[in-house]
Amino acid sequence: MTEQTVIPDLSKPEWRAQKTYSQNLADSVIKAMLPPLTPEEEARPFAKYYYEDIKQPDPAHYALMDEPMDPARAYGPEEINRLLDLEYLEKHEVEIGWCNLPNGAGYIANKNFYPGVTADMIDWWFAWHPLEDLRYRIWYPPQHAGIMLSPLDRARILDPSVPNREKNWGVVHNVTENCDCGFENIDIAFRSPADMGFDMEKFERVAATFAGGMGWAVAVNKCDDSITAPAIMCHIFYDVPGGLLHRTRFWMGYRFTVEGKPELCLPPGVSVPAANVQGLARHNVKEFTRFGDFLPRIYKEFGHSMYC
Amino acid sequence: MPIKLMAVSRRRPGLTRADYFRYIEHYHGTVARLERFKIDRYIQNHVIDGAFGVLSDTDHKNKVADRDGVVELYFSEFRDMIATLEPQGVTQSRANQDGKFFADEPNNIILMAEEVELPVPNPRPKFNPGLGEPGVGAVKVMQFIMRKPEVFPQDFHRLWRRAHDEALAASPYAQEMFRRIVASQRSRVNDNDAAARAHFRMVDPPVYDLEVSFWLDSMENVGAFRQYLEAIQASPLDFADWSQSFFLYTRPVRIIDDAPPKD
């Protein structure tokens, strides 16, 4: 994490959006009710995307998340480099599906093709969208309620000396989101691909770009017995003719230790509930169907800057 | 890096401090050795002295303002910790049942944490049997720092690290005397602390995001910590509630530790 070198400019909405941690936690209860846009939000030039008809998933694709896949064909985050073996992926792996691993962890795989999308668009979007609640809400209005950055993370995102591809490395997105099992506050700590455990020599040859890290999720209406659940999230993108191929993997029940190693942290004998794994799998199909549909258009309008 | 469970306790009514220390070291420590389960390492820290809040406070802001002992239980991984706190086939472990004889249990503070070792300018250069535990020192200062609720946890740790580096740079006596520094950062695994709460039986405990341990050669050197403390509390970086923070001077006691002595 770089030192804070950017001076906040409170004349700009990207800086004015800053809330304290305690205020954001309190606000998340309201956000989870999906309130109408405020007059200030209505005036934002990208507000029109909030009112668009949302593209629905291909029914055949969505149906692949109806039943769990064979756990013998899934794997843990220790084998993340399997995502760099394209021939094996295409010939042998289950690319769309979910299950519980034998150790109880939740596993999700998904694959999307985005015509006309480039790696630069991905890098811009993942840096641009956490700056305001509305930017996150327009991604998938039915289930994306809000987002917040800490002051130091906001300064990094808005630091013009940090390349878009690297802006999120070490940054936490505090999102309020419904992954088909009710609204949760999810703190997603983004990491570089090297910190995810990728073999970087191979990564540079195979992958176009990446976004991922580790999240902690807990119900917005947290009570004393609420479970705070970890998950490792991986979105990896590959250049293909005509666009970008996107592979997603989630490992629910896993976290990264301070040394950066993935560790299962489920109590012995406990599994991530199947409903939560399937819920996130279905949510992922829906939000990234929308993503591929609107990213080229919004990038064309706003992709030149973090500000608008 | 192992995961660590810390419990910061006050002695139960009716015990002197000497009674308490004797009991936890010789009786409870023996129980823990006999029923080790998956504990990798168990350190007791017997409190010699300490202070809560800051001099400008007119009364104590802490929910708890006296502590007698800090235990540190180390596990290879989280699952081992759960297997020890909730052993299968055992209703209550002996160690669990023993707590009521020495601790004011509803008053416990727990912190589940991962350790990060920080550099010191002057680690002890050579073995000296007159200066306590080889390689570290006889006295361990344990500083528990409360995050301001408005500060994001990720910024709290970054700001503390900047303030720490600046405070150490401004404290020549501390630079000379700190033999080892370890920061214990609260893990989010701790958010599901029902098992730990059940084991240690605390009620509505305050939450600390950070504990920092400083090792010094002897009690005569703790002025070095005070120099550092004044510097970090004067930092313009706004991240800690110093009125709800505290520090303890302790004597570390090894109960379970398979590691060979250093030096």
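To find a chain, count down the sequence lines: A is the first, B the second, and so on, and within it residues start at 1.
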Verify side-chain contact (heavy atoms from CB on, under 4.5 Å) between Val189(B) and Trp216(A), making sure each step is shown before the conclusion.
-> CA-CA 9 Å; Val189(B) 177; Trp216(A) 289 98; 3.5 Å; yes
Going by heavy atoms in the side chains, are Glu150(B) and Tyr21(A) under 4.5 Å from each other?
->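 A side-chain contact is absent here, since even the closest heavy-atom pair is not under 4.5 Å.
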Side chains of Lys148(B) and Ser22(A): does their closest heavy-atom pair fall under 4.5 Å?
->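 Result no, sub-4.5 Å side-chain heavy-atom pair not found.
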Can you list the residues that meet the salt bridge (Lys or Arg N to Asp or Glu O under 4.0 Å) rule with Lys38(B), with sequence neighbours excluded?
->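 Only Asp80(B) meet the salt bridge (Lys or Arg N to Asp or Glu O under 4.0 Å) criterion with Lys38(B).
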Residues two or more places apart in sequence or in another chain: which of them pass salt bridge (Lys or Arg N to Asp or Glu O under 4.0 Å) with Arg147(B)?
->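 Listed in chain order: Asp209(B).
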Over all heavy atoms of both residues, which pair between [X] and [Y] is shortest? Give the atoms and the distance, please.
X	Y	value
Phe152(B)	Asn174(A)	CE2-OD1, 3.4 Å
Ser76(B)	Glu263(A)	O-OE2, 4.2 Å
Val258(A)	Glu114(B)	N-OE2, 3.2 Å

Might you confirm whether atom CD of Glu40(A) has over 12 heavy atoms from other residues, nucleotides or ligands at distances under 6.0 Å?
->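 Not more than 12 within 6.0 Å, no.
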Considering only heavy atoms, which portion of Lys261(A) lies under 4.5 Å from any heavy atom of chain B: side chain, backbone, both, or neither?
->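 Contact with chain B involves no heavy atom of Lys261(A) at all.
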Are the side chain of Asp155(B) and the backbone of Leu152(A) linked by a donor-acceptor contact shorter than 3.5 Å?
->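 Confirmed, Asp155(B) side chain pairs with Leu152(A) backbone.
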Counting distance only, does the side-chain N/O of Arg79(B) pair as donor-acceptor with the main-chain N or O of Leu266(A) below 3.5 Å?
->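 Such a contact is found between Arg79(B) side chain and Leu266(A) backbone.
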For Glu77(B), is it the side chain, the backbone, both or neither that has a heavy atom under 4.5 Å from a heavy atom of chain A?
->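 Both backbone and side chain.
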When Gln154(B) is tested against each of Asp187(A), Asp153(A), Val171(A), Leu149(A) for side chain to side chain contact (heavy atoms under 4.5 Å, CB included), which residue passes?
->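 Among Asp187(A), Asp153(A), Val171(A), Leu149(A), the one that satisfies the side chain to side chain contact (heavy atoms under 4.5 Å, CB included) with Gln154(B) is Asp153(A).
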Could you state the interatomic distance from SG (Cys265(A)) to CE (Met81(B)), rounded to the nearest 0.5 Å?
->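 Spacing of SG (Cys265(A)) from CE (Met81(B)) equals 10.0 Å.
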